[in-house]
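What you see below is based on every heavy atom in this structure, not just the backbone, and it leaves out hydrogens, waters and symmetry mates.
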Protein chains: 2
Amino acid sequence: MDKKVDTRSRILDIAEAAVLEKGFEATSIEEIVAGAEISRGGFFYHFKDKNALARAMLERYIEVENALYDDLFARARELNDDPLHCMLIGLKLLAELLEEMPAGHPGCVIASTAYQDRLFDQGVRDLNRQAILGWRKRFRGMFEDIADVYEPREPVNMDALGDMVSGVVEGGLVLQRALGEHNNASEQIMLFRTYLKLLFSPR
Amino acid sequence: MDKKVDTRSRILDIAEAAVLEKGFEATSIEEIVAGAEISRGGFFYHFKDKNALARAMLERYIEVENALYDDLFARARELNDDPLHCMLIGLKLLAELLEEMPAGHPGCVIASTAYQDRLFDQGVRDLNRQAILGWRKRFRGMFEDIADVYEPREPVNMDALGDMVSGVVEGGLVLQRALGEHNNASEQIMLFRTYLKLLFSPR
DNA sequence: TGTCAACTGGACTCGCAGTACAGTCAGGAC
DNA sequence: GTCCTGACTGTACTGCGAGTCCAGTTGACA
């Protein structure tokens with residue numbers, strides 16, 4: 001156990017779990033240092049204040065999420081070259097992934113920070129914003145590739161459709177969290193998948 | 001200005017605005033009493049603690065939201081008796097309503113409490129849960145009426161479809177809040193409307 | 001005139017964020 | 001072998017906000 005190397009990561013792990021469980025403000029530095037088995041001084045050595053912690057958490061989360069999407073749709077593309085089917089397979093994989101998580105998805109840091117955003121500085125809010133804009137761009141591109149092959153049955157705003165992926169996931173996670181159920185997010189994704197099938201179905 | 005009658009409501013008004021702007025924990029009793037022009041003692045006369053405030057806020061919010069939906073779909077029904085068109089008109093009205101709000105929708109208390117739920121006691125969480133289940137039932141009923149007339153083009157889980165109304169609104173509000181844009185929620189609703197048009201279109 | 005609800009105002013405790021800083025300790029540079 | 005540095009520990013402090021306690025005020029109504 002090389003303590004030095006990963007104390008920072010350990011802090012982030014503990015903090016992320018706690019924040020997703022009960023929110024940022026409700027998570028005390030006291031319990032983080034207890035969980036990570038370090039002293040308060042040690043915490044402030046790594047993070048200037050709680051804001052710096054929030055920023056680091058968001059950065060890491062966004063990276064992981066992006067890698068996850070990359071991997072998911074790369075696997076989907078291997079299974080089918082057609083852009084529509086690639087998207088449908090990718091969403092199915094995403095839904096399965098959300099469902100497999102035993103205690104339910106930990107919940108999305110994005111929404112969590114969005115609803116407490118005055119706690120954070122501009123840097124954190126910008127990070128949040130950039131992440132969502134990145135996903136908009138990613139999915140918008142994929143939908144445009146689909147539209148090149150399958151003309152949409154109804155006119156849709158491609159930016160908004162791109163946002164809908166994020167929105168459906170975020171919304172599903174809010175429901176899941178509030179209801180204490182475990183599969184709402186994956187069900188919502190499957191419904192969105194049906195939407196795409198209808199929207200891009202050949203006439 | 002009959003101060004006595006509505007001090008409680010005034011506290012709730014101030015608190016709701018503050019909580020929606022920056023989250024529950026970040027809202028201090030200090031600023032609430034300053035805004036409502038009462039003393040700290042006066043606040044605790046009306047609310048045992050912050051939890052009681054949260055509960056009262058949620059109760060009021062849910063009532064308002066339900067009344068809003070009642071009104072919206074009643075007006076839609078006046079315009080068209082057909083269940084599908086009634087739903088489509090209602091969603092259009094909802095989208096317009098969200099867009100008209102000058103500074104954007106204040107954001108949904110449901111999501112806000114969902115992401116900070118360990119701060120609240122069981123009563124508050126149950127209230128939150130019951131509200132969402134109520135909306136599920138409401139919209140599920142409407143979708144079943146539609147399905148009686150228009151057979152869905154693809155099989156869908158009616159509970160999940162009912163949840164999708166709440167989910168799309170919540171998700172849209174998260175995006176709106178995080179992006180600092182103002183019409184994401186209404187755009188998402190309009191996309192969902194297109195979904196329904198495709199799903200229930202006659203063959 | 002007395003009662004009561006709706007407060008005001010102030011003093012207090014407690015927990016948490018953040019600051020400051022002095023000291024420890026292991027591992028590599030030289 | 002010593003020196004230096006990065007990664008901490010430990011303690012003591014300030015300041016803020018939640019929540020408690022309570023004594024006193026005020027205006028309406030019986």
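- Contact between the side-chain N/O atoms of B/Thr7 and the OP1/OP2 oxygens of C/dC7 is found at a separation under 4.0 Å.
- The side chain of A/Ser39 sits closest to D/dT9 out of C/dA6, C/dT8, D/dT9.
- Formation of a donor-acceptor pair under 3.5 Å by the A/Gln188 side chain with backbone atoms of B/Gly167 is not found in this model.
- B/Phe47 has its CZ atom 14 Å from the C1' atom of C/dA6, to the nearest Å.
- Under the 3.5 Å distance criterion, the side-chain polar atoms of B/Tyr195 are matched with a main-chain donor or acceptor of A/Leu191.
- At least one side-chain nitrogen or oxygen of A/Tyr45 sits closer than 4.0 Å to the OP1 or OP2 atom of D/dA7.
- The structure places CG of A/Leu12 at 5.0 Å from CZ of A/Arg60, a figure rounded to the nearest 0.5 Å.
- Put simply, CZ on A/Phe24 is 13 Å from C1' on C/dC16, counting in whole angstrom units.
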Exercise. Take A/Asp145 and A/Val149 through the side-chain contact (heavy atoms from CB on, under 4.5 Å) test and state the conclusion after the steps.
Key: CA-CA 7 Å; A/Asp145 288 347; A/Val149 185; over 6 Å; no
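- Proximity of a side-chain donor or acceptor of B/Asp6 to a complementary backbone N or O of B/Ser9 within less than 3.5 Å is not detected.
- Between A/His46 and the phosphate of D/dA7, there is no side-chain N or O to OP1/OP2 separation shorter than 4.0 Å.
- Between the CD1 atom of A/Ile11 and the C1' atom of D/dC8 there is a distance of 10 Å, given to the nearest Å.
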Using a cut-off of under 3.5 Å, enumerate the N/O to N/O pairs linking the protein to nucleotides 14-21 of chain D.
from, atom 1, to, atom 2, distance (Å)
D/dA18, OP1, B/Ile29, N, 3.0
D/dA18, OP2, B/Ile29, N, 3.0
D/dG19, OP2, B/Lys50, N, 3.2
D/dG19, N7, B/Arg40, NH2, 2.6
D/dG19, O6, B/Arg40, NH2, 3.0

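- Residues satisfying the salt bridge (charged side-chain N to carboxylate O under 4.0 Å, His left out) test with B/Glu31, not counting sequence neighbours, are B/Lys22.
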